Each structure stands twice: as structure tokens, then as C-alpha cells.
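Report on one structure; see the data block that follows.
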Amino acid sequence: MIVTAPDFSEKGGFKIANYLNLKFVVINTKKFPNGEVLAKISQPDEIKNEDIILFIHTYPNTNERIMLLLQSMEALRHYGAKQIHLVIPYLPYSRQDKRFLTGEALSLKLLTDLLEELKVDTLFTVDVHSIEVLKTYAKFDVNIISLFEPLAKKILNELCEEKANNILVAPDEGRLNPVKRLAKKLSVPYTYFTKKRDLYTGEISIKPVDERTEADYAIMIDDEISTGGTMSEIAKILKRNGVKHVIAGAIHLILTDKAIERLYQSGVDYIVGSNTIENPFSIIESEYFLAVELKKELQ
Ligand code: R5P
């Protein structure tokens, strides 16, 4: 078995190879003046009759990187790869998992259809928006790991003072079940908010389920922070209620736009998450957890 990754994900791919004690082969990428891209396996002779773990970060430059992913798979197949296990820490288009408005494309299904066409054997990924929907679309094996628990444990152990009153916060109903399970497992109380998004303007309206939330540390946990809009609205409410410290925790820290500024201005004290997307706030190394899962499933 060989681990491979395009050059922009070389560090992560190399870490996975080290954890699993496997050889690493880089895939070189380039961009032509007209904007087209090209993937080229650096040592194609190494691929023949090997099972391959292809590791790739598809953020930033998502659309370009998806093309490079498809090209990498095409080349790996051409050069005789046996099984291909794809590792995408942050699955692109996982939020466009239904046609929200009439006429829209179903991006996630299209992506899984393309991967199916290129005969991916297994997709390993981390905390997707909806596990159920992804599993309905993908006709290949899908293995989704969750970093909610390691992230929450690390926050509680390293950011919250000893004997403080802590509360876990699900930012919307979509995250209620995982946060509820986590709260039970870690013996910490929880609360949640309801969120409505205007499908035309993208504007959100947030409401707390408990009118008063009192805590030393309120720990919001979500799958991702994109513009920071959701968590900053919640942080304002929590701070108004007298919560002393507000922690914005998410697995995928996209942090687009002015997200960081928006979060701090709303009263967030700490931003934390994993490195499924490269960012300065990561306290969880996703490659380690992915490697543990790959070892369990493949070796
Ligand atoms: C959507 O429901 C997700 O779980 C997140 O709550 C959402 O993507 C966060 O986006 P933003 O940071 O832009 O509010």
C-alpha cells in the first residue's frame, strides 16, 4: 500500500504515510496560463498493483482542486492502482446536499457520481454536514470519523479552568444530537439554539431554547465556521446572559470573509478547531485520527 497526495497536500499525506509506516509518492500539479490544471504522478512505476491511499485537501481553491482530484484518480487508475481509498478531511459541497431552491444543481450528488465513475473504493472524511444524505448518494464505502469528542475534551481540559461551570452549546438543531450525546458522555450540561436561514438572502435568525444560559464557559461546537455569522449571533446572546467566556469550536475552520473579526467583536474569547483546513487556531491534528481509522479499516 502506498500513500499519495498532490503537492499542496504533501505535508498531510506525508504525516499519514508516517503514521502508517507506508511509502509516500507525491503528485505534482501545475496550472497553465489559460487556467487549466494538470496532475502528474511523480513516480508512476510505483503505482502498479498497489492499493493507494490518496490524501487531498480540497480547500481553498475548491473547484480547481476537485479537478486535480479527478485527474489524480484517472492517472492512478491508468498506472495500475488496485484499490483507491480517498481521504478528504473536509468534504467539498457537503452543504449543497439538496436542491434548496427550484432549479439548483445537486452538487454533492454530482461529486459522488464522479467519484463512483472513477471507481473510488472508500471515501474517508471528517464530520460532514449530513451523514445520512452523503450515504444515500455514495454508492461506494464511506467512512466518516467524528472529531467532536476529541475537540470538546481538549477544550474542557486545556481552555476551561478547573471546577468552572461549563455548558456545551449546539448552534442549531442540526448539531443538537451530536452535542447531546457528547454532553452525556462528558457529564456536561448542554443547550441549543434554533436557526432559520433565508434561502434568498442567506440571512440567519437565531433563537435560544433556554432564555437564560449561565456559565463560566459556554462551548459552542459545530461542524464548521464559515462566515462566523451563526456563532457571532449566539455569542452576543450568551454574553448578554452573563456567560463569562465564550468558545467557538468547530471541526472545519473555513473562516472566510471577516469571520475572525466578526467572532471576536461579538464576544467570542477563543476560536478553536481542527486542521482539516489549514488555519492558525487548530488544536486537533486530523491526520492522526484519520490514520487510526485507516489502520483499523485497511491494514
Ligand atoms: C450549517 O448549518 C453549519 O452547520 C454551520 O452552522 C454553518 O455552516 C456556519 O456558517 P457561518 O459560519 O457562515 O454562519
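Since the structure is predicted, the reported quantities are computational estimates derived from the model, not experimental observations. Every number for a ligand or one of its atoms is a count from 1 in the order of the listing.
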- Task: Kindly indicate, with the supporting measurements, whether the criterion side-chain contact (heavy atoms from CB on, under 4.5 Å) is fulfilled by Leu186 and Lys153.
- Result: CA-CA 8 Å; Leu186 304 177; Lys153 276 187 179 162; 3.9 Å; yes

- Task: Tell me yes or no: between the side chains of Glu287 and Asn18, is some donor less than 3.5 Å from an acceptor?
- Result: no

- Are the side chain of Gln96 and the backbone of Lys98 linked by a donor-acceptor contact shorter than 3.5 Å? yes

- Query: What pairs of residues pass the side chain to side chain donor-acceptor pair (under 3.5 Å) test when at least one of them lies in residues 166-178, not counting sequence neighbours?
  - Reply: His129-Arg175, Asp172-Lys195, Arg175-Asp222

- Counting only heavy atoms not in Asn21, do more than 12 sit closer than 6.0 Å to its CG atom? no

- Message: Please determine whether the number of non-hydrogen atoms from other residues, nucleotides or ligands lying under 6.0 Å from atom NZ of Lys239 exceeds 12.
- Response: yes

- Item | Protein residues having a heavy atom less than 4.0 Å from any atom of ligand 1 | Arg95, His129, Asp172, Arg175, Lys195, Asp222, Asp223, Glu224, Ile225, Ser226, Thr227, Gly228, Gly229, Thr230

